[in-house]
Each structure stands twice: as C-alpha cells, then as structure tokens.
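Working notes for the structure below.
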Amino acid sequence: QGNCDDSCTACKPGSFKGSSGVQDCSLCPANTYGPDTGAVSISHCIACPRFATTDGKGHASSSACTCDARYFTNTLNINDPCTECPAGARCEDGNCALGSTDPSCSMDDILGSWVQTDAGSYELVSCPPGHSLVNSMNGDFNHDVQQCKPCLNGTEYIIRPNEDVCQQCPPGLLCFGDDRVVPVPEGSVWVQDGGVYRLQSCPTGHQKFNDSAELQECQECGLGYECREAVCEVCVECQAGTYKDVIDPAACRSCPMNTYGEVA
C-alpha cells in the first residue's frame, strides 16, 4: 500500500510494497518495469529483454526498455526484440544504423540498400559499385555478416556488385576496385565472362599466357620466337635465316650478311 492520509492507496505501476507499514512504495529497479497496480513484491518488476536498459527506476511499461545502441529493435520479436546489428550496418562509432532515430548514425551513413523483412529483421539487397554483397557463411545465409565489402583498388575488380565476389586482378590488367580495367599491354583484348574478365587476344609480338582468371596476361615473345600478326595468341619459332636473341615484342631479325641460319 502507498502513503496514507485518510486512506491507503494501491502502489502505482512501476512500484511495489511487500510489507505493511508507513513506508512508501519502492520503485522497480533500473532495467525493469512493473505493469501492475498494487504490486506486493519485487517479483512484479519484470526484467527488460537482453541488451535493453531503462533510463532510471520506476517504469511501468515495457516501452521504457530500449535496446543498446549497438543493436536494433525488432518489434515483431516480443520476447527478444534487441537483435544483433549486421556487420555492414554499424556506424563508425559501432552503433547500429538500422531503424535508428539518431541523426549521427542513420541508414544514410551505411553502405547499401537495406529492407525490413516480414519477420522484422533487415536484409541487405544491393551494394554500390566497387563492393561485393556479403550475406552468407559456409554457403548459408547469415544475418550477422551482411555487409558491402569494398574491393581493393589496384589488386581487385568486381563486375556485378550484387552477384559477384571481388576478383583478383590478373597481371594483364590494371584494376581500380570496380568494373573499370585497363589492358596491359595496350592492344590486348579482354571480354567479360560472367563475373570475370578473360583474355581473348594479344597485340603483335605477344602471346596469351595462362588461362587462369587470376594469372592471365600477354607475355612478350621469348628468345627465338615471334608473332607478326596484328592479333596474336601464340608465338612461333623464328624461320630459318632469322634469329631473336632478346625477349621483346619485336620480330625475328635476318641473319647478317655473309651468314646463314639453317635451323629455326
């Protein structure tokens, strides 16, 4: 019972009193709430869900429990509303931007397009150029790892951000972390094959080397080899009467006057 003047009144929600006497009703502790009128013990003060706290004591409603800033509130999960923030939805200070009303950490401050599902959680559905959409671990969807992972400028490229992973830049390309690439040497021809670039042909004096997507390049013809075609794939041996003693794109040279070369 509460304070008595002419009569005693029941303890208000957010408070309790476990024994008779003139003392006031006690407030429910911090991080709890008491929805009942006339509560007779602290057991009527219900603990906030995990990762949620209150601002002080004496709260009457579960709405006083707010999730820690590093979590977002899933209002459809009544028993466990404070949900782990995905890796890519955290602001620089570590707080969660999903559903945040804090102007210093909102959904405008994180990468990608996020949508709230029918279950109240969030899913990352698209990423900007130069980023790989990560949403799985060991092949299975994983809510907590979702993020737009940046591809490294100079060492990686990505053609389709929402489908592909960051690809290792092969020696035959200069890469800028997105779908932009520059062939090396100039004149080599590359084509898109799904989520990777593949070397199709090389300029004069070069040949294709290695079919692996990570190691493709045009290499200069080696000692005793040339390619005189405008579009080259394979270097061929120097013809009889010619030679090549350096590794470069140049054609084989004729043997000097008063000499001859019988074997290619």
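Just the heavy atoms: all of them, side chains too, but no hydrogens, waters or symmetry mates, feed the values below.
One N or O on the side chain of Asn74 and one on the backbone of Ala119 form a donor-acceptor pair closer than 3.5 Å. Checked by atom type and distance alone, the side chain of Lys244 pairs as donor or acceptor with a backbone atom of Tyr225 at under 3.5 Å. For Ser201 (side chain) and Cys232 (main-chain N/O), no donor-acceptor pair under 3.5 Å exists by modelled atom type. Side chain of Asn77 to main chain of Asp80: a donor-acceptor pair is present (N/O by atom type, distance under 3.5 Å, no hydrogens or angles). A donor-acceptor pair under 3.5 Å is formed between the side chain of Lys17 and the backbone N or O of Gly21. In this structure a side-chain-to-backbone donor-acceptor pair under 3.5 Å is present from Gln216 to Leu199. For Ser136 (side chain) and Phe141 (main-chain N/O), no donor-acceptor pair under 3.5 Å exists by modelled atom type. Between the side chain of Asp164 and the main chain of Arg160, a donor-acceptor pair closer than 3.5 Å is present.
Rounded to the nearest 0.5 angstrom, Leu215 CG and Phe209 CZ are separated by 7.5 Å. With rounding to the nearest 0.5 Å, the separation of CD in Glu163 from OG in Ser132 is 11.0 Å. Here the straight-line distance linking atom CD of Glu186 with atom SG of Cys218 works out to 12.0 Å at 0.5 Å rounding. Taken from SG in Cys252 to CZ in Arg228, the straight-line distance is 6.5 Å, to the nearest 0.5 Å. A distance of 12.5 Å separates NE2 of His59 from OH of Tyr33, quoted to the nearest 0.5 Å. Atom SG of Cys235 is separated from atom CD1 of Ile247 by 10.5 Å, given to the nearest 0.5 angstrom.
Closest approach of Cys175 and Val181 over heavy atoms only: SG-CG1, 4.0 Å. Summarising the geometry of Lys149 relative to Cys166, their closest heavy-atom pair is O-SG, 4.2 Å, with the distance given to 0.1 Å. Scanning both residues, Gln23 and Ser19, for their nearest heavy atoms gives NE2-OG, 3.3 Å. Taking every heavy atom of both residues into account, Ala250 and Glu226 meet most closely at O-CB, 4.5 Å. Counting all heavy atoms, side chain and backbone alike, Phe176 lies closest to Val182 at CE1-CG2, 3.8 Å. Of all heavy-atom pairs spanning Gln146 and Asn135, the tightest one is CG-CB, 4.0 Å.
The side-chain heavy atoms of Lys208 and Cys202, taken from C-beta on, include a pair separated by under 4.5 Å. A 4.5 Å side-chain heavy-atom check between Ile46 and Thr32 finds every atom pair outside the cut-off. Using a 4.5 Å heavy-atom threshold, the side chains of Cys151 and His131 count as separate. Using a 4.5 Å heavy-atom cutoff, the side chains of Cys48 and Thr54 are in contact. Counting heavy atoms from C-beta outward, His143 and Pro86 have side chains that approach closer than 4.5 Å. At a threshold of 4.5 Å between non-hydrogen side-chain atoms, the residues Asp178 and Asn153 do not count as touching. Within the 4.5 Å cutoff, side-chain heavy atoms of Cys45 are placed close to those of Pro29. Contact annotation: the side chain of Pro249 approaches that of His206 to within less than 4.5 Å [non-hydrogen atoms, C-beta and beyond].
By the rule that hydrophobic residues join a cluster once side-chain heavy atoms approach within less than 4.5 Å of another member, Ile159 and Leu173 end up as members of one cluster. In this structure, Leu124 is a member of the same hydrophobic cluster as Met107, with clusters built from ILVMFWY side-chain heavy atoms closer than 4.5 Å. Hydrophobic clustering places Val196 together with Trp190 (ILVMFWY residues linked when any side-chain heavy atoms are closer than 4.5 Å, directly or through intermediates).
By the 4.0 Å N-to-carboxylate-O rule, Glu84 lies close enough to Arg90 to be salt-bridged with it. With respect to Asp245 and Arg253, a salt bridge is recorded, a charged nitrogen being found less than 4.0 Å from a carboxylate O.
A centroid separation of less than 6.0 Å is found between the aromatic rings of Tyr157 and Tyr197.
When only modelled atom types and interatomic distance are considered, Glu237 and Gln239 share no side-chain donor-acceptor pair under 3.5 Å. Counted by atom type alone, Asn138 and Asp140 present zero donor-acceptor pairs between their side chains at under 3.5 Å.
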*Given Trp114 and Glu123, is the side chain to side chain contact (heavy atoms under 4.5 Å, CB included) satisfied, shown in steps?*
CA-CA 6 Å; Trp114 299 76; Glu123 285 188 12; over 6 Å; no

*asked:* Set out, in order, the CA-CA distance, both residues' side-chain angles and the distance that settles disulfide bond (SG atoms under 2.5 Å apart) for Cys221 and Cys227, then state yes or no.
replied: CA-CA 7 Å; Cys221 293; Cys227 180; 5.7 Å; no

*Worked verdict on Asp102 versus Ser100 for side chain to side chain donor-acceptor pair (under 3.5 Å)*: CA-CA 5 Å; Asp102 182 355; Ser100 172; 5.2 Å; no

*Show your working on side chain to side chain contact (heavy atoms under 4.5 Å, CB included) between Thr66 and Thr73 and close with a plain yes or no.*
CA-CA 8 Å; Thr66 57; Thr73 304; over 6 Å; no

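Under the 30°/60° scheme for interplanar angles, the aromatic rings of Tyr71 and Phe51 are found to lie parallel.
Cys105 has its SG atom 2.5 Å or further from the SG atom of Cys96.
Heavy atoms of other residues, nucleotides or ligands lying less than 6.0 angstrom from CD1 of Ile78 number 12 at most.
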